[in-house]
*Asks:* 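Got a structure for you, questions after.
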Number of protein chains: 2
Amino acid sequence: MNIRDLKYVMAVAETGHFGKAAAQCFVSQPTLSGQIKKLEDELEITIFERTNRSVEITPVGEAILTHARSIMEQAGAIKQLAQAHRDPLAGPLRIGAIPTLSPYLMPLILVPLKKQLPQMKLILSEEMTDTLLERLHRHEIDAALLATTVEKQEFGTLPLFDEPFWVAYARDHTFYEKDQIRLRDLNNENLLLLAEGHCLADQAMDVCRVKERQTRGEMADLRASSLETLIQLVGAGYGITLVPALAMRGSWTTGSGVVAQPLAIASASRRVSLVFRHSFPRRAALQAFADVITDNLPNTVTLAGNRKRAAKKKRRKS
Amino acid sequence: MNIRDLKYVMAVAETGHFGKAAAQCFVSQPTLSGQIKKLEDELEITIFERTNRSVEITPVGEAILTHARSIMEQAGAIKQLAQAHRDPLAGPLRIGAIPTLSPYLMPLILVPLKKQLPQMKLILSEEMTDTLLERLHRHEIDAALLATTVEKQEFGTLPLFDEPFWVAYARDHTFYEKDQIRLRDLNNENLLLLAEGHCLADQAMDVCRVKERQTRGEMADLRASSLETLIQLVGAGYGITLVPALAMRGSWTTGSGVVAQPLAIASASRRVSLVFRHSFPRRAALQAFADVITDNLPNTVTLAGNRKRAAKKKRRKS
DNA sequence: GTTGAATAATTGCTTTTTCCTATGGTAGGT
DNA sequence: ACCTACCATAGGAAAAAGCAATTATTCAAC
């Protein structure tokens, strides 16, 4: 059986005429005749009772017609589905992001995204790097916003921007007097960290040249579960910490008694990238999404690699 | 698009493996690969995201799968429908019969029919010859039991049996004394007829060698609308009439004051046939139906042409 | 780091199916 | 008696689907 054959049957049933049905299907009359006959032979039934003068559908044929119509509907639905999804920008894009990035980056891009790619729908999730990679592997998300380099061949990477670390300390801390804070200034401080698994914790230790078990001070075992909590600990005088630049736009920056300033350390930044499966088919959607991000970043971060900051005014006019 | 292709897609989705899917569909892996690719090209979408290691269906693919499953179901339904109707004896047979035959023949055959062809369903209608032929032409019935020969090329005929006419008269009629009633005996009688359109009326006139307008006696304009009414008129002494042999089994034969006996006229019979469209596909069903009729007739009628009366006792044993 | 196993894609060729043009045959109408 | 309208058939060309063998890639194991 064949969808085409069913279309032929429907045409004959509709027109009551093999010739007209053939024309309607853009084939020759013998072709249509043959296909109908083939189908009848295959099913071992007579669908049309025909004489030279008339074509009448049999009761069985009538019953078949009902199902044939349903099949044509479903086939049409498939084509429409394909049509709708053909624009790779359309359809939901499942994005995961790390917790030290997501709450600060998303507010920056959601509104412009709506404007620039209205047909794109985002499904966001917020998890730590390892979890995101696992979910990416399992096709549960389509791409992940990470701040670590990923080596696995399975994945590809779209570098977005470099995000400097700032040092955060309580207003009454001695750092408040300094113009520049250098690496050696950090060495004597109690570096507060996020919980294990957060890449920010590793990166902070990396910048400060400490190893996992060397965390100093009485709060060595105290690790915050979120960046906001971490800031509160800093404000309470438990120590200092490093925060990514975009987090400076968080609500905590005003009236929390915590001050932050850039570090005078060149390497003190993390590269944020969009990581995806190489096999993911909608590369264009990812690229468009990445472009929206890089187009809408504040100057506190540096665009990565070959990216240029877009001329925003010009874009708005067009 | 093609039902086969959808089956391939479903197999891949099910197994997550092109090779296994191919085996499941009894084709080679390259064949299946090629067809999937063709379908993807045709729809301009990616249905499966594949690496050497894994095959994952895309969201679009998943959506398509739903419709594909529905299509497969409908296709299966069509095959089942065909299967059910493949036995040409099965399925309803729409039979029309003339009013002077139907009420007397049907009681004889309905029970044996149920026994011999339990899968056959009859839809009966009772109308006069012309109406039946008209309905046959319009495909409203599949065959007609008639007592007239039909010339139209459109129709075919299956002769069944010859049914003699008997003469019916009131018990106090002079015929009651006669052993044999011949043509000349009829000539002086008032021949009562059925209403116009009934073939029996024409045939009775034919047998008695009278023409339409020559009907004799005071009741020339009185024509009965049914055979039962006709008999009542005979019983009331309005005249005589001819009745077909099978009608002798009717309820009127006892206690109505009407007597019937065979005519001593060789040609005084009508041939009952099954008439059908040449284009009607289920010839076997008609033949089987005809066989049931001829197998279950009383000896008052003579089987037509090449038909033999079945050995009933033997048949019952087997 | 090289080899091996697994697996989908590609290639080249064969078989099957579909399609078209031309022709045949039949029933109805003029 | 011819003409017309119509579906069926025949023969050959084109397209599609199929297969076996090979290639390419990636993961895993030694």
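Here the structure is a predicted model, which means the values were calculated and not measured. The figures here come from the full heavy-atom set of this structure, side chains too, leaving out hydrogens, waters and symmetry mates. Lettering of chains follows the sequences in order, A, B, ..., and the numbering in each one begins at 1.
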*Asks:* Have A:Glu40 and A:Thr46 got a donor and an acceptor in their side chains that come within less than 3.5 Å?
*Replies:*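 Short answer, no.
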*Asks:* How do A:Gln153 and B:Phe26 order along DNA chain D: which one's closest nucleotide is nearer the 5' end?
*Replies:*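 It is B:Phe26 whose nearest nucleotide is closer to the 5' end.
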*Asks:* Hey, does the side chain of B:Arg277 reach the backbone of B:Leu136 with a donor-acceptor pair shorter than 3.5 angstrom?
*Replies:*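 Judged by distance alone, yes, a pair lies under 3.5 Å.
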*Asks:* What pairs of residues pass the side chain to side chain donor-acceptor pair (under 3.5 Å) test when at least one of them lies in residues 59-73 of chain A, not counting sequence neighbours?
*Replies:*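 For residues 59-73 of chain A: A:His67-B:Gln74.
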*Asks:* Quick check against the 3.5 Å criterion: does B:His198 have a side-chain atom that pairs as donor or acceptor with the backbone of B:Ala201?
*Replies:*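 No, because the side chain of B:His198 does not come within donor-acceptor range (under 3.5 Å) of the backbone of B:Ala201.
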*Asks:* In whole angstroms, how far is the C1' atom of C:dG25 from the NE2 atom of B:His278?
*Replies:*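 To the nearest whole Å, that distance equals 16 Å.
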*Asks:* Is the closest basic N to carboxylate O distance between B:Glu134 and B:Lys152 below 4.0 Å?
*Replies:*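 Salt bridge flag = no for B:Lys152 with B:Glu134.
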*Asks:* For nucleotides 7-18 of chain C, just jot down a letter per nucleotide in 5' to 3' order: B, S or -, based on protein non-hydrogen atoms under 4.0 Å.
*Replies:* SBBB-------S
*Asks:* State whether the side chain of A:Thr294 and the backbone N or O of A:Ala290 hold a donor-acceptor pair below 3.5 Å, judged by distance alone.
*Replies:*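 Here the side-chain-to-backbone pair exists.
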*Asks:* Does the pair A:Asp5/A:Lys38 count as a salt bridge with the N-to-O cut at 4.0 Å?
*Replies:*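 Yes, A:Asp5 and A:Lys38 are salt-bridged.
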*Asks:* Quick check for you: name the first and last nucleotides of DNA chain D, 5' to 3', having an atom under 4.0 Å from a heavy atom of chain A.
*Replies:*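 Listing 5' to 3', DNA chain D meets chain A from D:dA5 to D:dC27.
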*Asks:* Could you check how far CD of B:Glu154 sits from P of C:dG28, rounded to whole Å?
*Replies:*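 Atom-to-atom, B:Glu154 to C:dG28, this comes out as 6 Å.
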*Asks:* Look only at the side chain of B:Gln35 and the backbone of B:Leu6, and say whether a donor-acceptor pair between them is shorter than 3.5 Å.
*Replies:*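 No, B:Gln35 side chain to B:Leu6 backbone: no donor-acceptor pair under 3.5 Å.
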